[in-house]
Amino acid sequence: MPNFHLDRRARDLLPKVTAGDPDELLTTEGLAELLGVSPQFIKARTTEGNGPESHLFKPRSRRYRRGDAAAWLKERAAIFEKERADAEI
């Protein structure tokens, strides 16, 4: 799985992302703002299949559940921590 610049901060972002209704639907722009990344980063990860689960309601109207974004961040944090631990061996 590829590494992203977000991985290093994923664990620190979790409280911010999990603070709220896990079923809240976020726009691409809203999720990007919450994570401190560009909307293009979110779109690219989604297109590549390496982003949080998303739901397409209309053409060009994609939404992300807050809970899915949190699960994705947890996954990214675990990947970063494992790779860091492996590098220390």
Side-chain angles (χ1 to χ4, degrees):
M1 187 165 271
N3 293 323
F4 304 128
H5 64 282
L6 176 74
D7 296 351
R8 181 173 315 210
R9 300 180 299 118
R11 185 73 58 201
D12 296 334
L13 289 169
L14 273 170
K16 186 174 169 181
V17 175
T18 57
D21 180 359
D23 290 325
E24 177 185 1
L25 294 175
L26 303 167
T27 62
T28 301
E29 292 76 15
L31 178 59
E33 184 177 328
L34 189 63
L35 299 178
V37 297
S38 70
Q40 291 78 12
F41 176 84
I42 300 296
K43 289 176 187 177
R45 300 301 70 83
T46 300
T47 300
E48 294 168 359
N50 294 319
E53 184 177 339
S54 66
H55 307 277
L56 191 59
F57 289 97
K58 298 178 192 174
R60 303 177 68 167
S61 181
R62 188 169 300 279
R63 298 290 184 267
Y64 301 84
R65 278 185 62 251
R66 186 181 279 266
D68 292 336
W72 178 70
L73 270 181
K74 288 177 188 173
E75 177 184 322
R76 299 308 314 172
I79 289 168
F80 175 74
E81 290 164 5
K82 181 183 182 320
E83 289 179 355
R84 188 170 69 183
D86 289 348
E88 293 174 1
I89 295 177

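All heavy atoms count here, side chains included; hydrogens, waters and symmetry mates do not. Index from 1, following the sequence.
Sorted by first and then second residue, the salt bridge (charged side-chain N to carboxylate O under 4.0 Å, His left out) pairs with a member in residues 29-44 form an empty list; sequence neighbours excluded.
Between K74 and L14, the closest side-chain pair of non-hydrogen atoms falls below 4.5 Å. Contact of the I42 side chain with the R62 side chain is not registered, since no non-hydrogen atoms from C-beta on lie closer than 4.5 Å. Looking at T18 and L73, their side chains never come closer than 4.5 Å, going by heavy atoms from C-beta outward.
F41 is linked by a side chain to side chain contact (heavy atoms under 4.5 Å, CB included) to F4, H5, L6, V37, S38, R45, W72, counting only residues two or more places apart in sequence or in another chain. By the salt bridge (charged side-chain N to carboxylate O under 4.0 Å, His left out) test, K82 pairs with D86, sequence neighbours left out.
Atom CZ of R11 and atom CZ of R76 lie 12.5 Å apart (nearest 0.5 Å).
Across all their heavy atoms, D21 and D23 have their closest contact at OD1-N, 2.9 Å. Scanning all heavy atoms of the two residues, the minimum distance from P52 to T46 falls at O-OG1, 4.5 Å.
Results of the side-chain contact (heavy atoms from CB on, under 4.5 Å) test with Y64 over L25, L34, L31, T27 single out L31 as the only residue that passes.
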